[in-house]
2 protein chains.
Amino acid sequence: MAQKKRTTKRSLGPETSPELDALVREIIERVADKWTMLVIEALAEHGTLRFTAVGEKVGGISQKMLTKTLRQMEADGLVTRTVLPVIPPHVEYDLTDMGFELGKAFCGVWIWAEKYQKAIAKSRAEFGRRAAAMPRVRAL
Amino acid sequence: MAQKKRTTKRSLGPETSPELDALVREIIERVADKWTMLVIEALAEHGTLRFTAVGEKVGGISQKMLTKTLRQMEADGLVTRTVLPVIPPHVEYDLTDMGFELGKAFCGVWIWAEKYQKAIAKSRAEFGRRAAAMPRVRAL
DNA sequence: CAGTATCCAACCTGATACTG
DNA sequence: CAGTATCAGGTTGGATACTG
C-alpha cells in the first residue's frame, strides 16, 4: 500500500524551546547509548542487582561499558549505588523512581517498534530491491 | 532528598520477547543516532522539505550525514523520497505516518526529560561533589 | 567481587573535491 | 540541486591485565 502524500505541518506535541531541545537531545543521546535502556530494563524486571548480575541480565556487555554506563546513570540519578562494606565487595544497583519513569517513557517507542515491526522489515526489503535495480540518481 | 529503597520487581509494561527486544534496541540505536529524531522533528514541523531545506531546518548537519540519515530513514519507511524529474534536480522528503508516529512515541521521552531536567542537573552536581571528595572504592 | 588502566581496532563524522 | 567519493581525525568499544 502506498503512503498518502502529506504536505501539512503537524506538531509533535509539547512546545519546542531551543534549550529544552538541546537538553532532550543530550538526554536521548545518553539514554539511548545502547546499554542504558537495557540496564533500565534489567533493573526494572529483576529489582536490585549486584554489579555482575546486571551484566548477566543485560547480556553481551563488556565490563568497561557496564561500569561506564552505571556510573553515568548514577550521576544522572537513574540508579542508586550501594556499597556493602564487606569482603569481598558487594555493590548493589537499583533503579530510582526517575529511572523507572524513563523506562516507562520509552515504552512508547517499544510499542511503536512492536506495531511497525513488520512494516519496517517490509520497507527494508523493498528498499533493498529498489536499490539493486535502480541507480541512485535517475537521469530523467 | 534520599531515594526510597526499592527491591521489588516492576514491569515496564509490554511483554519482552527476545527478538522484539533486539528490534527495539536497534530502533533506539538508530533513532538516537543524533540526527534521525531531529529530521523527524524538522519534517513534522515544516511538512515536505527538499534535501537542502531539511539540512537547514535540522542545523549543524554535514551533507554526508544528512544523506546517510535520510537514506536510512527511507529504507526503514520513516520518510518518502520523491524525485521531480527537472533540472536542476528537485527532491522532496516527507514523513510517513509511521515516521510521524515514531516522533509521537518519543514524546514520552521528551516529556520525561522536561520533567526531570532540574533533578538531573542536581544529581550531576551532587555526583560531581561526591566524586571530588571520595575515592571510587571505599576501603571500609 | 567490583572495579581501574592500557592498548588497539573499528567506526563515526566532518571537510573537501567532484558529478549528473 | 542533490548527491557520491575519498581522506583524515576523533571517539568508541572490546580485550586484556592488574588491584583493593
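Below, chains carry the letters A, B, ... as their sequence lines are ordered, and counting in each starts from 1.
A 3.5 Å limit on both hydrogen-bonding distances identifies D/dT6 as the Watson-Crick or G-U partner of C/dA15. Base-pair partner of C/dC8: D/dG13 (Watson-Crick or G-U wobble, both distances under 3.5 Å).
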Exercise for the section: Before giving the answer on ring-ring contact (aromatic ring centres under 6.0 Å, His included), spell out for A/Trp112 and A/Tyr116 the whole-Å C-alpha distance, their side-chain angles and the decisive distance to 0.1 Å. Expected result: CA-CA 6 Å; A/Trp112 179 91; A/Tyr116 291 104; 5.4 Å; yes
Practice task
Let me see the working for B/Asp76 and A/Arg124 under side-chain contact (heavy atoms from CB on, under 4.5 Å), right down to the final yes or no.
Solution key: CA-CA 5 Å; B/Asp76 287 350; A/Arg124 286 180 188 173; 2.7 Å; yes
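For A/Ser123 against B/Gly77, the heavy-atom pair with the smallest separation is OG-N, 3.1 Å.
Applying the 4.0 Å criterion to OP1 and OP2 of D/dA2, one finds that B/Arg50 has a side-chain N or O inside that range. Checking the phosphate oxygens (OP1, OP2) of C/dC1, no side-chain nitrogen or oxygen of A/Thr52 falls inside 4.0 Å. In terms of phosphate contacts, B/Tyr93 brings no side-chain nitrogen or oxygen within less than 4.0 Å of OP1 or OP2 of D/dC1. In terms of phosphate contacts, A/Arg71 brings a side-chain nitrogen or oxygen within less than 4.0 Å of OP1 or OP2 of C/dT4.
Both A/Leu70 and A/Lys64 sit near DNA chain C, but only A/Leu70 has its closest nucleotide nearer the 5' end.
B/Leu66 has its CG atom 14 Å from the P atom of D/dC1, to the nearest Å. Atom CD1 in B/Ile87 sits about 13 Å away from atom P in D/dA2, given to the nearest Å. Rounded to whole Å, atom P of D/dG13 lies 13 Å from atom CG of A/Leu38. To the nearest angstrom, C1' of C/dC12 lies 13 Å from CD1 of B/Ile61. Atom-to-atom, CZ of B/Phe51 to P of D/dT4 comes out at 8 Å; the value is rounded to the nearest Å. If you measure from atom CD of A/Gln72 to atom P of D/dG13, you get 11 Å, rounded to the nearest angstrom. Taking atom CG of B/Leu49 as the reference point, atom P of D/dC1 lies 15 Å away to the nearest angstrom. In this structure, the CD atom of A/Glu74 is 14 Å from the P atom of C/dA2, given to the nearest Å.
Each of C/dC1, C/dG3, C/dG20 was ranked by its minimum atom distance to the side chain of A/Pro88; first place goes to C/dC1. Of the candidates C/dT4, D/dA2, C/dC1, the closest approach to any side-chain atom of B/Gln63 belongs to D/dA2. The side chain of B/Trp35 lies closest to C/dG14 when the candidates are D/dG3, C/dG14, C/dG3. Checked against D/dG3, C/dG3, C/dA2, the side chain of B/Val91 finds its nearest nucleotide in D/dG3. The side chain of B/Met65 lies closest to C/dT13, out of C/dT13, D/dG20, C/dT4.
Here B/Arg129 does not pair with B/Glu126 in a salt bridge; the nearest charged N to carboxylate O distance is not below 4.0 Å.
Judged by distance alone, the side chain of A/Thr67 and the main-chain N or O of A/Gln63 form a donor-acceptor pair under 3.5 Å.
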